[in-house]
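To start, the structure itself, in structure tokens.
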Amino acid sequence: GVPIPMFFATHFYFCFYHVLSNLALRKTYSSLERGVLRDIFVCSLIFYMSYITAFMESLTISGFPCYGFKDRFLAYTLGSAFYGLYFVVSFPMFL
């Protein structure tokens, strides 16, 4: 039951997410001096961006009539956390 245009839009969305994360990470690497604090900040930034990206995708996809959640709160919180794990790995790899 996935609408056909969504298959084509997926590529655009993932490129957009990763370009934005690339910009943020490159800015961080070039602005802050190398050290433990920068590493902690970069890790925190990656986790934050990952969760927000996953949460916003879950929130916006709920507007489509083809999708529905039995428990919205669980989908938005726990589902976004697990989906965000994909971005935790992929955001740094995209650099």
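Throughout, numbering of the chain's residues begins at 1 and tracks the sequence. Bear in mind the structure is a predicted one, so any value in this text is a computation, not a measurement.
Taking Ile, Leu, Val, Met, Phe, Trp and Tyr as hydrophobic and joining them when side-chain heavy atoms fall under 4.5 Å apart, one finds Phe82 in a cluster with Leu74, Leu78, Leu85.
Among pairs with a residue in residues 31-43, none fulfils side chain to side chain donor-acceptor pair (under 3.5 Å), at least two apart in sequence or across chains.
For the pair Tyr76 and Phe69, the minimum side-chain heavy-atom distance is below 4.5 Å.
Going from atom CG of Leu20 over to atom CD1 of Ile52 covers 13.5 Å, rounded to the nearest 0.5 Å. Between the OH atom of Tyr51 and the OG1 atom of Thr77 there is a distance of 5.5 Å, given to the nearest 0.5 Å. Separating the NZ atom in Lys27 from the CG atom in Leu23 is a distance of 10.5 Å, to the nearest 0.5 Å.
What you find for Ser58 and Ser80 is that their closest heavy atoms are OG-OG, 3.5 Å. Ser50 and Gly84 get closest at one heavy-atom pair: CB-O, 3.4 Å.
For Tyr29, there are no ring pair (Phe, Tyr, Trp, His ring centres under 6.0 Å) partners, not counting sequence neighbours. Every side chain to side chain donor-acceptor pair (under 3.5 Å) that Tyr17 has, sequence neighbours left out, goes to Glu57. Residues that satisfy the side-chain contact (heavy atoms from CB on, under 4.5 Å) test with Leu45, not counting sequence neighbours, are Ala24, Leu25, Thr28, Phe41, Met49.
Atom CZ of Phe47 has 12 or fewer heavy atoms from other residues, nucleotides or ligands within 6.0 Å.
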N/O donor-acceptor pairs under 3.5 Å from side chains in residues 88-95, not counting sequence neighbours:
{"unit_1": "Ser90", "atom_1": "OG", "unit_2": "His18", "atom_2": "NE2", "d": "2.8"}
{"unit_1": "Ser90", "atom_1": "OG", "unit_2": "Tyr86", "atom_2": "O", "d": "3.2"}

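Classified by interplanar angle (parallel below 30°, tilted 30° to 60°, perpendicular above 60°), the ring pair Phe12/Phe16 is parallel.
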